[in-house]
Amino acid sequence: MNQFQYVRPTKQQAAIDAVAKDATATFIAGGTNLVDLMKRGVMTPQKLVDINRLPLTRIDADPGKLRIGALALNSTVADDKQVRARQPLLALALNAGASAQLRNMATVGGNMLQRTRCSYFYDTTMPCNKREPGTGCGALEGINRMHAIFGFSDKCIAVHPSDMSVALVALDATVQVSGPKGNRSIPFAELHRLPGDMPQKDTTLEPGELITAVDVPDGPFTKHVHYQKVRERASYAFALLSVAAALDLDSNNNIKAARLAMGGVAHKPWRLTAAEQALVGKPATEESFRQAAAIAMQGAKAFKHNAYKLKLGPNTIIQALKTAASVA
Amino acid sequence: MNEQPKPKKQIGAPMNRVDGHQKVTGAATYSAEYQLPNITYAVLVGSTVTKGRLTGLDTKAAERAPGVLAVISHLNAPKPPGPKPEGKDPSQPQTQGNPLQVFNDDKIRFNDQPIAIVVADSWERARYAAGLVKAQYAKEAHQTNLEENKSNAFLPTAAKKNPKNPMNDYQRGQVDAYKTGAVKLEAEYVIPTEVHHPMELQAITAHWEAPDRLTLYDKTQGTMATRRDFAKQWGLPEENVKVIATYVGGAFGNALHSWPHESAAILAAKVVNRPVKLMLTREQMFTMVGYRPYTWQKLGMSATPDGKITAITHESVGQTSTYEEFTESTLAQTRMMYQSPNVTTRYRLAALDISSPIWMRGPGEATGAFALESAMDEMAYLLNIDPLEFRLRNYTEQDPEKNKPWSTKFLKECYQLGADRIGWSKRQLKPGSLRDGDWLIGYGMGVGTFGAHRGAATVGAQLLANGTVLLQCATTDIGPGTGTAMTQIAADTLGISPDKIRFELGNSSFPKAGTQGGSSTVNSVGPATQEACLALKDKLRTLAGANNPAFASARKEDVTMQDGYLTVGGNKDTRVSYADLLKQAGGTAVMVEAKPGGEGQKYSMYSFSVHFAEVRVHQLTGEVRVSKLVSCADAGTIVNEKTAGNQMKGGAVGGIGMALMEHARIDDRFGRYVTKDFADYHVPVHADSPAVEVAFVNQPDPYVNALGTKGIGEIAIIGVAPAIANAVFNATGKRIRELPITPDKLI
Ligand SMILES: Cc1cc2nc3c(=O)[nH]c(=O)nc-3n(C[C@H](O)[C@H](O)[C@H](O)COP(=O)(O)OP(=O)(O)OC[C@H]3O[C@@H](n4cnc5c(N)ncnc54)[C@H](O)[C@@H]3O)c2cc1C
Ligand code: SF4
């Protein structure tokens, strides 16, 4: 691990200034991702700006939306009464991630900004364009069973690993950001970017921009929701692939509205709007789900070791929708 | 006469671990926890290439870093005077000893091979400085893929040189007779590289107490083997080296060998002339302390339509390193488990540019059982016979390999116990018949066996002034509860309460014992404990005879020890106090060596197990959950039901890992692992394991030793993976012959 300075401002502006004015500085929240990456030499910030003294832990149940502070802990959010009642999908996705111990440390802001788990990214002796632009993509012709089937480029085929993000993109969340140029809101679907020619850039955040909160608008998805995560053991593993599904059903079991997103398939949480639209007006049956799953998978392309995702994807969508529809 | 009530029998009782309290309260001291005065900390720097030569090593920045005491590499390392590994005789079976000599030359033989060790006054400073060491290499093309190197596989040198070596080809009846059988199958099976990963990382604290006296606090399964190896390496008399391993936080085989990091720490301690502590990182546990070798197997089997096996051919190719030939008994179970007139086995190695493997729990037998027990299941389906019935039709009443009677074999009883408990009768022969919603349910079984090995062991015993009997032995306890079992054996033999016994182990200066491995400790140290206790009683009787003539004529079995007095059969009139006994010249200490007799010549001795699994497989996502697991064992006498049960459960959980998730993957382009932490290398979590049910036949074996034990550690895992794979087939109709069975293989 490199040597670094450590500051712990109590004022938001001071924290933003500290990072904005120093290209080698970075925020640290729970540290559960950043410290690991520093120990492996993947990230080498010269200065850590600890934001845990900033008053960003509140969960406000506003009319029409929940505003969740960037420093609210994953476990606090998952257990929050308002969150469970108004956005049960978010609680399910959070609880599917990591372990109880980690969720007690990890923050909402840190969770959405956690970096890919690509093994080549983690090993500083291997080529990786995301870690060291221009060195090549180790995974492209390497062991890529965890990698993307959508939206990749020949520079990077990594996936975004967060479970929470999959629910947030499905729920049309908005990220509140404060930076050197003031405040702005970013629709969650636009927070993460595709790798393109700049895989080193995970998000659309500008240097020094601090996430202060995430807003989740109320919607009809309080009952028929499910987060289906497929992994190689029963808990405490990153997803091979995951699906967040939310349905609004009428009294005849027809679909009034649907939300669908996939994790573990792209450089960002992958919203499936075409499949959602295909579901609207259809009966909540396996046949409808199957058709939507086929639409969802259009354009998917596999590499040497991840072709299974082309089948696991639609299967998981069907399973997630079946479970969501049957939640009583 | 004043008869004392007989003390409660301890052997068989579910006694709590004698060191349980120390372990759970953190009072137990492990190898990295000895805070010696003047201690220093070391971190290893590993090669980032897989094969070639080190052409440059820039250590200047590291040497200048704060707190750094030394940076040692092949450029400046003192050369230990002992034999060089290059001169190693490969005709010797690969066992302990001849560790790769570190910093001996500029050659790189595997990725992450230690190329330097940095010693500093704190661990953080050592780690920081280690990151500053810069190496240049002349790379050479490497080979790390077994499948691509199968064609270069060879018969182990030891087998070539010695026709009696068990790694030679085996033949009974006709060669490859399965090819002409009535009903036949031929299939290939693969077990990938798996890594032991005990909870405790490998650690050593090396201390030169004098220029020619070395003390090692070392994670090892054999204090005496480690002592021998490093005494040899440094050209010292063995008694000048002391190895202490009082507590070992699991090992599963990875502390059966002397490894480069141990050599490095000892070297470093010599250079800085202070004690050096070195603990590997979890990443280094993949490359520096062995693993279960990737093994390819092919199995051919034929049977008559009514379910009699007529022939089996079992071949395997396992990986080894370029500098050691590691062999294991992958094909042993095939030769003796089932009645078959024709059996062929062929064992081969492929040498790759990787570090050396080492036995991992259930070692080769567990690898081989995956192929054999899967093939048994495949054949049962071909014949349309229940797999349990098929095994019964081919049951061996004597060892068909050695043509000797079994010392004991209660495998049929195990079958019965297990089948009842899992509810085998619910099982349908047709795959995919049972389901619960989207979950397909299946049942499978797998059989395991392992030699009931026994070696010589010596135990010392003496009576202490406080009335405690102190027993000592160099054996280790890597987790099975050795000290507890020995305390129980001693309590019954002496007829005293277990809290009056202290069994000390894990120290090479104690009376000698073999390495803890191959399920042999209770078999070997148990009888030594028993005999040492009897000798102690006899000694006490003799000493007491001087004070009270009643003892002179008493049998040693009648000597009773209670409340600080020795009596004959509890008769108060014969009382002699411990204090009086201890006053006599010479003391009470005895030391007894117990050795196996010739029973092994007459009988074939094995432990047996059978595992039954119920699995649920999600038909859409391919996830597998083991919903029930029943393990039954014929392991002879069960000394402690609790610790023995614990062994079985731990083995079963290890088997779940083997079946469903463990897979260390190398990117062959670089020769480096891409699964280097617990996020990528999965072992089971609690949610992956059902409450494992364990049942023991608990019948003593009269021939292995007087206690009747046969060994448990290995049979706990051997056969578990095929039981699960067979259950997956029963659930889905999909036969997965390459472990682990991950969702991608099932959808
Ligand atoms: C063993 C293990 C298993 C895991 N399993 C899962 C899993 O199954 N599913 C899953 O989703 N996650 C998993 N995780 C990841 C875990 O969810 C993240 O590590 C965690 O959410 C990160 O939050 P943090 O607060 O600790 O972030 P930190 O590590 O503190 O920060 C992460 C990044 O976010 C930046 N950052 C943090 N807060 C802000 C802010 N407010 N504004 C701007 N930038 C900010 C930091 O600069 C840093 O770059 C696992 C992690 C571990 C270690
Ligand atoms: S996929 Fe992306 S993160 Fe992984 S090696 Fe390629 S560039 Fe690096």
Side-chain angles (χ1 to χ4, degrees), chain A residues 1-3 36 39-41 44 98-99 117-127 138-139 141-146 161 228-243 286 289-290 293 305-323 326, chain B residues 46-50 65-66 111-112 124-125 127-128 130-132 135 281 283 437-438 618-626 656-657 660-663 665-690 740-747:
Chain A
M1 200 192 289
N2 62 300
Q3 301 201 18
D36 269 4
K39 285 200 220 161
R40 303 278 278 259
T44 53
S99 65
R117 307 304 290 203
C118 172
S119 317
Y120 300 89
F121 176 68
Y122 265 80
D123 184 342
T124 54
T125 74
M126 300 268 211
E141 312 224 304
I143 294 179
N144 46 35
R145 56 197 298 281
M146 299 297 286
Q228 183 84 33
K229 179 174 178 182
V230 184
R231 43 190 153 180
E232 291 184 337
R233 62 180 169 195
S235 81
Y236 202 19
F238 285 95
L240 293 172
L241 192 143
S242 68
V243 171
E286 186 153 346
F289 301 155
R290 202 169 288 282
H305 303 112
N306 67 352
Y308 71 95
K309 288 192 181 183
L310 300 182
K311 186 146 183 226
L312 186 59
N315 282 4
T316 310
I317 292 173
I318 294 165
Q319 182 58 36
L321 287 166
K322 268 167 60 172
T323 312
S326 64
Chain B
S47 156
T48 58
V49 308
T50 301
N111 207 305
D112 209 25
E124 288 79 4
R125 286 172 147 183
R127 187 173 66 157
Y128 175 67
L132 302 176
T281 64
E283 283 174 82
D438 284 308
H618 197 282
Q619 60 174 1
L620 285 173
T621 64
E623 290 160 290
V624 181
R625 300 278 178 264
V626 180
I656 293 174
L660 300 182
M661 58 198 85
E662 291 189 50
H663 188 175
R665 288 186 177 83
I666 288 182
D667 183 330
D668 295 314
R669 297 171 303 165
F670 306 102
R672 266 175 97 78
Y673 283 104
V674 294
T675 49
K676 274 204 283 269
D677 55 29
F678 280 157
D680 285 325
Y681 185 86
H682 288 152
V683 294
V685 295
H686 277 293
D688 290 299
S689 173
I741 307 173
T742 42
D744 51 321
K745 294 180 184 161
L746 287 172
I747 57 160

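Below, chains carry the letters A, B, ... as their sequence lines are ordered, and counting in each starts from 1.
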Is it the backbone or the side chain of A/Gln228 that comes under 4.5 Å from a heavy atom of chain B, or both, or neither?
-> side chain

Compare every heavy atom of A/Asn2 with every heavy atom of B/Tyr128, then report the nearest pair and how far apart it is.
-> CE1-CA, 4.3 Å

Which of the residues B/Pro743, B/Gly622, B/Gly131, B/Pro684 is involved in the greatest number of heavy-atom pairs with chain A at under 4.5 angstrom?
-> B/Pro743

Do you know which of B/Glu124, B/Gln619, B/Glu623, B/Arg672 has the most heavy-atom pairs with chain A at a distance under 4.5 angstrom?
-> B/Arg672

Calculate, to the nearest 0.5 Å, the distance between atoms CG and CG belonging to A/Leu241 and B/Asp744 respectively.
-> 11.5 Å

Just how far is it from atom CG of B/Asn111 to atom OG1 of A/Thr125, taken to the nearest 0.5 Å?
-> 6.5 Å

What part of A/Ser235 gets closer than 4.5 Å to chain B, counting heavy atoms only: side chain, backbone, both or neither?
-> both

Output the option from A/Cys118, A/Ser119, A/Gly41 having the highest count of non-hydrogen pairs under 4.5 Å with chain B.
-> A/Ser119

Carboxylate-amine/guanidinium contact B/Glu283 A/Arg40, below 4.0 Å = yes

Drop me the distance from B/Phe670's CZ to A/Asp123's CG, to the nearest 0.5 angstrom.
-> 9.0 Å

Determine whether A/Leu312 and B/Thr621 make a side-chain contact, defined as any pair of heavy atoms from C-beta on separated by less than 4.5 Å.
-> yes

Which residue out of A/Gly142, A/Ser99, A/Ala237 racks up the most heavy-atom pairs below 4.5 Å with chain B?
-> A/Gly142

Heavy atoms, side chains only, cut-off 4.5 Å: are A/Gln319 and B/His618 in contact?
-> yes

To the nearest 0.5 Å, tell me how far B/Leu620 CG sits from A/Ile317 CD1.
-> 11.5 Å

Check whether A/Leu240 gets within reach of chain B through its side chain, its backbone, both or neither, counting any heavy atom under 4.5 Å.
-> side chain

Distance from B/Arg665 atom CZ to A/Arg145 atom CZ, nearest 0.5 Å?
-> 4.0 Å

Side-chain contact, heavy-atom cut-off 4.5 Å: B/Val683 with A/Arg233?
-> yes

Please answer whether the main-chain N or O of A/Met1 pairs with a side-chain N or O of B/Arg127 as donor and acceptor at a distance below 3.5 Å.
-> no

Is any side-chain heavy atom of B/Asp438 closer than 4.5 Å to a side-chain heavy atom of A/Lys322?
-> yes

Chain A heavy atoms under 4.5 Å from B/Leu132: which part of the residue, side chain, backbone, both or neither?
-> neither

Residue part contacting chain B, namely of A/Met126, when any heavy atom lies under 4.5 Å | side chain

Between B/Asp668, B/Thr742, B/Thr48, which has the largest tally of heavy atom pairs under 4.5 Å with chain A?
-> B/Thr742

Output the option from A/Glu232, A/Lys309, A/Lys311 having the highest count of non-hydrogen pairs under 4.5 Å with chain B.
-> A/Glu232

Do B/Asp680 and A/Tyr122 have side-chain heavy atoms sitting under 4.5 Å apart?
-> no

Drop me the distance from A/Tyr236's OH to B/His682's NE2, to the nearest 0.5 angstrom.
-> 10.0 Å

